[in-house]
Amino acid sequence: MAKFPRFLIITSGIGAVVGGSVILKDFIVGNGQKLPETVRADGKVCIVTGSNTGIGKETAMELARRGCKVYMACRDIEKCRKARAEIISDTLNQHVHCRKCDLADFESVRQFVTEFKTKESKLDILINNGGIMRCPRKLTKQGIEMQLGVNHMGHFLLTNLLLDTLTSSAPSRIVNVSSIAHTRGTINFEDLNSEKSYDPGAAYNQSKLANVLFTKELAERLQGTGVIVNAVHPGIVKTELGRHMGLENSIMASLFVKPLLSFFLKSPVQGALTSIYVALAPSLENKTGKYFSDCKEKDPSEQAMDPIVAKRLWATSEKWTRLYNSDSSSPSLVAAM
Ligand SMILES: *[C@@H]1O[C@H](CO)[C@@H](O)[C@H](O)[C@H]1NC(C)=O
Ligand SMILES: *[C@@H]1O[C@H](CO)[C@@H](O)[C@H](O)[C@H]1NC(C)=O
């Protein structure tokens with residue numbers, strides 16, 4: 001030992017720590033494998049909600065890289081334009097478009113769909129990615145608690161209004177971005193809109209459970225149409241960390257906790273891997289109503305598989321979004337289903 005050069009001991013020590021950490025990180029974060037570059041999507045038309053930042057932006061970027069025509073559906077059109085410019089310069093794919101779609105306003109969702117349909121006659125991939133997390137109690141334009149409104153109801157309406165186009169474009173896919181938080185959620189039918197009491201975490205978890213429940217119910221309704229729908233958990237991603245843990249304002253947190261934790265968290269690029277995999281992997285062409293994390297099929301929570309809860313939530317969502325009886329001129333073709 002005495003003869004062993006000290007620097008060698010030190011460097012191999014560092015090597016062991018780094019190597020060990022990488023293995024540990026893979027173990028904790030998971031190592032969703034990237035879908036091979038050879039899987040192309042040239043000419044496919046897709047919509048990604050909430051795509052001006054984070055996982056949504058990386059998802060749009062990767063779809064563009066693989067040749068898709070991408071519609072970025074965003075609330076903030078300025079931020080969307082900036083992200084679009086980045087995506088185009090990175091991928092050299094000119095077919096990337098920004099469209100206004102505020103999921104907290106059913107009118108905006110309807111307008112987005114009407115406009116989309118005047119431009120495109122097909123839709124191959126819909127990625128319901130947009131979402132908000134743990135905000136103070138606010139209401140959507142139509143008076144729905146914000147997290148349930150955006151994460152679930154807005155996407156419910158969007159998806160249903162696009163079903164005719166998705167069906168006529170079959171085989172086509174819907175990817176719903178949920179979260180591991182769904183496993184802690186319960187659907188509180190007594191106070192779905194959190195009027196009697198509001199807990200930001202509970203409302204978030206409820207909205208994410210709603211995503212998984214709807215994925216299952218929708219998959220059942222779409223049996224035999226060639227439209228498949230699956231839910232994914234992207235992992236806990238760095239951009240969401242502060243909001244996820246309520247750390248945003250603490251100096252201690254930004255100095256110590258975040259750098260430490262961020263080592264174990266995913267980058268938005270890694271966060272997008274599972275969405276891309278579920279959107280494009282040829283091996284999943286017959287998979288529907290399932291839940292994926294780290295590019296692998298997983299079991300969702302027991303609540304998320306309860307068909308009675310799913311049907312009750314569906315019925316409520318139809319009413320709250322006025323799916324069949326909107327004053328708006330855009331016809332709701334799903335009414336025929
Ligand atoms: C929501 O889910 C998260 C993640 O699973 C959990 O840590 C948290 O305690 C849950 N919040 C509530 C109020 O259930
Ligand atoms: C999907 O189903 C079709 C028809 O049953 C079958 O031909 C095809 O091989 C299946 N694809 C996969 C990846 O299992």
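Computed from heavy atoms alone, side chains included, the values below leave out hydrogens, waters and symmetry copies. Read the numbers this way: they start at 1 and go in the same order the structure lists the ligands and their atoms. Here the structure is a predicted model, which is why all the values come from computation and not from measurement.
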### Salt-bridge contact E297-K287 (side-chain N to carboxylate O under 4.0 Å)
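Salt bridge present between E297 and K287.
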
### Query
Below 4.0 angstrom, N of the basic side chain to O of the carboxylate: do E86 and K82 qualify?
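Judged by the 4.0 Å cut-off on N to carboxylate O distance, E86 and K82 do not form a salt bridge.
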
#### Entry: Heavy-atom protein neighbour under 4.0 angstrom from atom 7 (O) of ligand 2
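So far as the 4.0 Å threshold goes, atom 7 (O) of ligand 2 is out of reach of every protein heavy atom.
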
### Query
Out of W320, F214, W314, which one pairs with H152 under the ring-ring contact (aromatic ring centres under 6.0 Å, His included) rule?
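Testing each of W320, F214, W314 against H152, the sole residue satisfying ring-ring contact (aromatic ring centres under 6.0 Å, His included) is F214.
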
### Task
Please confirm whether N205 comes within less than 3.5 Å of ligand 1 when only nitrogen or oxygen atoms on both sides are compared.
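Right, the criterion is met.
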
### Query
If you measure every N/O of D199 against every N/O of ligand 1, is any gap under 3.5 Å?
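Such a contact does not occur with ligand 1.
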
### Message
Once rounded to the nearest 0.5 Å, what's the spacing between atom NZ of K298 and atom NZ of K296?
### Response
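If I round to the nearest 0.5 Å, the distance is 5.5 Å.
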
### Message
Distance under 4.0 Å to a non-hydrogen atom of A202: what atoms of ligand 1 satisfy this?
### Response
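In order of number, 13 (C).
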
### Query
In terms of hydrophobic clusters joined by side-chain contacts under 4.5 Å, are I127 and L284 together?
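I127 clusters together with L284.
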
### Query
For ligand 2, which atoms have a heavy atom of E285 less than 4.0 angstrom away?
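Close to E285: 1 (C), 8 (C), 10 (C), 11 (N), 12 (C), 13 (C).
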
#### Entry: Nearest-neighbour protein heavy atom for atom 10 (C) of ligand 2, which is reported as residue plus atom name and distance
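The closest one turns out to be N286 ND2, 2.5 Å.
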
